[in-house]
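Proteins come first, then strands; the chains are lettered A, B, ... in the order of their sequence lines, and each starts at number 1. Just so it is clear, the model here is predicted, and its values are computed rather than measured.
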Amino acid sequence: MPNPRPDDLRHLYRLMVTIRRFEEVATERYLAAGRAGQFMGALHTYVGEEAIAVGVCSLLREDDFVISTHRGHGHCLAKGADPGPMLAELAGRETGYSRGYGGSMHIFAPELGLLGGNGIVGGGMPLAAGAAFTAQYTGTDRVAVCFFGDGASKQGTFHESFNLCALWDLPALFVCENNCYAATTPVKDSCPIVDIAEMAHGYGCPGVVVDGNNVLAVRAVAEEAIARARAGRGPTLIEAKTYRMKPHCMVIRETRDQCELDEWAEKDPIQRFEAYLLEEGGLAAEELRGIRDEVDTVLAAAAAFADASPWPDPARVMEVLWA
Amino acid sequence: MEKGRMRNLTMTAALNTALREEMRRDETVIVMGEDIGVYGGVYGVTIGLQREFGPDRVRDTPISEMAIAGMALGAALGGLRPVAEIMYCDFLAHAADAIVNNAAKWRYMSGGQYALPLVVRSPAGGGGGTAAQHSQSLEAWFTHIPGLKVVMPSVPRDARGLLKAAIRDDNPVVFIEHKHHYTYKGEVPAEEEIIPLGVADVKRAGTDLTVVSWSRHLTLCLEAAEILAAEGISLEVVDPRTLQPLDLATICQSVAKTGRLAVVHEAVLFGGFGGEIVAQVVQECWGDLKQPPLRIGAPFCPIPYSEPMESFVIPQVTTIVDRLRAYLA
C-alpha cells in the first residue's frame with residue numbers, strides 16, 4: 001500500500017483523537033452526573049482501540065454497512081457519526097441518534113450505514129451476514145463490516161455466520177478486536193489458540209493478524225479485505241491485537257495487573273501515530289496540536305448540545321414500537 | 001380471473017401459494033432455511049419455489065438457526081423482505097436471540113429508524129410421535145415480547161391471506177404453523193386476498209358458549225361444536241388468528257352474547273396464552289360472565305413419545321367435547 005497522503009494522515013489522526021476525547025468526555029460526565037439521572041447504564045469505552053475502527057472505517061463508503069458492538073462509540077465516530085447527537089443519546093436526550101430509546105450501546109444511523117451497536121455479545125454477526133447478503137442479492141458492491149471482540153469469537157454465532165459468508169462468498173469483513181479480555185476473563189482462558197484469525201482457515205478464508213494499535217497497519221490489511229469482498233471473493237477475518245486501556249465498563253472494577261497496563265500504555269495507538277506523523281509523516285507538532293484543539297472545541301460543543309437538549313416525553317414509550 | 005371462484009387447497013398449498021404470489025409481486029421477498037430449496041421444505045411448504053425463483057432467492061442454508069434468523073434481520077435492515085423457515089418451532093430456541101433480542105428490539109432501540117419486514121415461519125405442535133423436542137407449542141413465548149407479531153392460522157384461507165399480510169408487514173412476524181395440520185383442506189379464493197393481522201374471525205356462530213382457539217385446535221373445536229350441536233348445545237367458535245396483536249374486541253363481543261368463555265389450545269396450560277385471554281376477558285367483560293372461564297390445554301409435562309401418552313397430553317376432540325359438556329351442565 002502506498003504511503004497515505006498528508007491529508008489522509010490528518011484525517012486519521014483527527015478521527016482517532018475525536019474518539020479518545022469523546023470517551024474522555026463521556027467518562028467525565030458519567031462519573032459526574034451518573035447519579036443525577038443522566039449517563040446511565042454501563043458505558044464501555046473504546047480507549048486504546050481507536051486505530052482499529054479508524055483504520056477500517058476510513059476506507060469505507062457511506063453506503064457500506066457497519067455492525068457494531070457494546071463498545072461501539074469508536075465505530076460510530078469513524079463511520080462519520082456526529083459527536084453531538086451521540087453524546088445526547090448517552091445523556092438520554094430527545095436529540096440523540098436513537099432519541100433516547102437506545103443509549104450508549106444502541107446508536108443507529110441508517111444514513112451512514114450504521115446498523116447499530118449490539119448489547120448481545122456476538123449478536124451482530126448474523127446481522128452482518130444478512131446485510132452482506134443484501135449487498136450481494138441487490139447486485140451492489142457494498143460491504144458489511146462486523147466488529148466484535150475476542151469474547152464474541154467464542155459464541156456460536158461467529159461460526160454460523162462466518163461459515164455462511166464463506167459458503168456464499170458474501171462481501172463481509174469480520175474484524176475481531178482482540179483486546180485480551182472478555183470482561184475480566186483473559187483470552188488465554190477462553191481460547192485454545194494464540195491467533196483467533198486462524199479460525200478463518202477452517203472455513204477456507206483468509207485470517208490475518210494485525211497490530212491493532214497501528215492505524216496504518218490496520219488500514220493495509222483492511223484495504224485488501226475490502227477489495228476482496230467487493231470483488232465477490234468472500235469474507236476475511238482480521239484479528240487486530242489491541243488492549244482496552246480502561247476497565248470493561250464503568251460498573252466492573254479493574255482486575256488487571258498494573259505492569260500489564262503500563263506495558264500497553266507504552267503502545268498507546270494515538271501516541272504511536274503521533275510519533276509516526278512527526279518522524280515520517282511530515283506533519284509538525286504545531287499542526288497536531290491544532291487538530292487536538294479543534295477536536296476539543298468540537299467535543300465541548302457536542303457536550304453543550306447534549307446538555308441543552310430536551311428530555312424525551314415518557315408518554316411516548318409506545319410511540320416507535322410498531323412500524 | 002373469475003370473481004368469487006374458490007379452490008380447495010391444503011394448508012401447505014395455501015402457504016406455498018402465498019409465498020409464490022408475494023415473490024412474483026415483489027423481488028425483495030426472499031426465502032431461506034434448511035432443506036427449503038431443492039427439497040422444498042420438510043413439510044413441502046416451499047416446493048417449487050427454487051425452480052421458479054432460483055437459488056439466489058430461495059436459499060438452502062446450513063443448520064444454523066441463529067444465523068438464519070439473524071440474517072433475516074440483517075437482510076431486512078438492508079431493504080429486503082426475508083421469509084426464514086425454522087424447520088421445527090422447538091429450534092426457535094436457537095434462533096431466539098436474533099428474534100427476541102435483536103429483531104424485536106431493533107426498531108425500538110433505534111428510536112423508530114428502521115422498518116423490519118421479516119417473517120420467521122415455523123411449524124409447531126405434536127400429534128405424530130415426534131416427542132419432546134419436535135412437538136412443542138411455544139407461541140406464548142413470543143407473545144410476551146413487545147415488537148413481535150405472532151400469527152397462527154387454522155385454515156388454508158387464513159394461512160394464505162395472513163402469510164401475505166405478514167410478508168407485507170413492516171414488523172417482525174413469527175408465523176407459527178402446525179406440523180400435523182398441513183394436509184388439512186379448505187376453500188381458498190382464487191383471487192388475491194390479504195387478511196389483516198390483528199383481526200379475529202368468528203368461525204362458527206352460536207349462543208351458549210364462546211370457544212376461543214387457534215391453529216390446529218381451532219379445527220378440533222369446530223368438530224366438537226358439530227358434535228355438541230347434535231345435543232342442542234350451541235358453541236360460538238372464535239379464531240383470533242393473530243395472538244399479537246390480539247383482537248380482544250371480537251372475543252368480548254362474543255362473550256357479551258354467550259356469557260361464557262372457554263379457551264382451548266394445544267400448548268401447556270400453565271403460562272399458556274389462554275391465561276392471557278381469560279385475564280383480559282375477565283377484566284373487560286366481568287359483568288357479562290355467567291360462570292368462571294374454562295381453559296383446556298396440555299398438562300405441565302413435555303410431549304411424551306408413546307401414542308397413548310401423547311394423545312392423553314394433547315387435548316383431543318373427545319376430551320374437548322367432554323370438558324365443554326361438563327362445563328355447561
Pick one of side chain, backbone, both or neither for [X], based on which atoms fall under 4.5 Å of a heavy atom in chain A.
| X | value |
| --- | --- |
| B:Leu116 | neither |
| B:Leu148 | backbone |
| B:Lys105 | neither |

Looking at [X], I'd like to know if its [atom1] atom is crowded, meaning that more than 12 non-hydrogen atoms belonging to other residues, nucleotides or ligands lie closer than 6.0 Å.
| X | atom1 | result |
| --- | --- | --- |
| B:Arg51 | CZ | no |
| B:Glu52 | CD | yes |
| B:Gln133 | CD | no |
| A:His201 | NE2 | yes |

Relative to chain B, which segment of [X] carries a heavy atom at a distance below 4.5 Å: side chain, backbone, both, or neither?
| X | result |
| --- | --- |
| A:Ile120 | side chain |
| A:Ile107 | neither |
| A:Ala144 | neither |
| A:Glu94 | neither |
| A:Leu114 | backbone |
| A:Glu89 | neither |

Practice task
Sort out for me which of A:Ser161, A:Pro110, A:Pro312, A:Ala129 touches chain B most, counting heavy-atom pairs under 4.5 Å.
Solution key: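 Looking at each option in turn, the highest pair count goes to A:Pro110.
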Practice task
Name the member of A:Gly102, A:Gly124, A:Ser98, A:Ala135 that forms the most heavy-atom pairs with chain B at distances under 4.5 Å.
Solution key: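 Looking at each option in turn, the highest pair count goes to A:Ser98.
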Practice task
Identify whether NZ of Lys or CZ of Arg in B:Arg59 sits under 6.0 Å from the centre of the six-membered ring of A:Trp168 and within 45° of that ring's axis.
Solution key: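 The answer is yes; both the distance and angle limits are met.
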Under 4.5 Å, counting heavy-atom pairs only, tell me which of [options] racks up the most with chain A.
| options | answer |
| --- | --- |
| B:Thr28, B:Asn102, B:Asp169 | B:Asn102 |
| B:Ala98, B:Ala72, B:Ala103, B:Gly112 | B:Gly112 |
| B:Ala76, B:Gly78, B:Ala69, B:Ser110 | B:Ser110 |

Do [X] and [Y] have side chains that approach each other closer than 4.5 Å (heavy atoms only, starting at C-beta)?
| X | Y | result |
| --- | --- | --- |
| B:Leu73 | A:Pro126 | no |
| B:Leu80 | A:Thr138 | yes |
| A:Phe108 | B:Gln113 | yes |
| A:Trp322 | B:Lys149 | yes |

Pairwise distance [atom1]([X]) to [atom2]([Y]) - rounded to 0.5 angstrom:
| X | Y | atom1 | atom2 | value |
| --- | --- | --- | --- | --- |
| B:Tyr108 | A:Met318 | OH | CE | 7.5 Å |
| B:Met66 | A:Gln155 | CE | CD | 7.5 Å |
| B:Ile63 | A:Glu160 | CD1 | CD | 10.0 Å |
| B:Thr61 | A:Leu167 | OG1 | CG | 9.5 Å |

Exercise for the section: Under the side chain to side chain contact (heavy atoms under 4.5 Å, CB included) rule, what do A:Leu115 and B:Tyr114 come out as? Steps first, then yes or no, please. Expected result: CA-CA 9 Å; A:Leu115 297 187; B:Tyr114 289 98; 3.5 Å; yes
So which heavy atom on [X] is nearest to which on [Y], and how close?
| X | Y | result |
| --- | --- | --- |
| A:Phe133 | B:Met71 | CB-CE, 3.8 Å |
| B:Gly74 | A:Thr134 | O-OG1, 4.0 Å |
| A:Val320 | B:Arg107 | O-NE, 2.9 Å |
| B:Trp106 | A:Asn118 | CH2-ND2, 3.5 Å |

Exercise for the section: Give a yes or no on whether the backbone of A:Ala323 and the side-chain of B:Asp170 come within a donor-acceptor separation of less than 3.5 Å. Expected result: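 No; zero donor-acceptor contacts below 3.5 Å.
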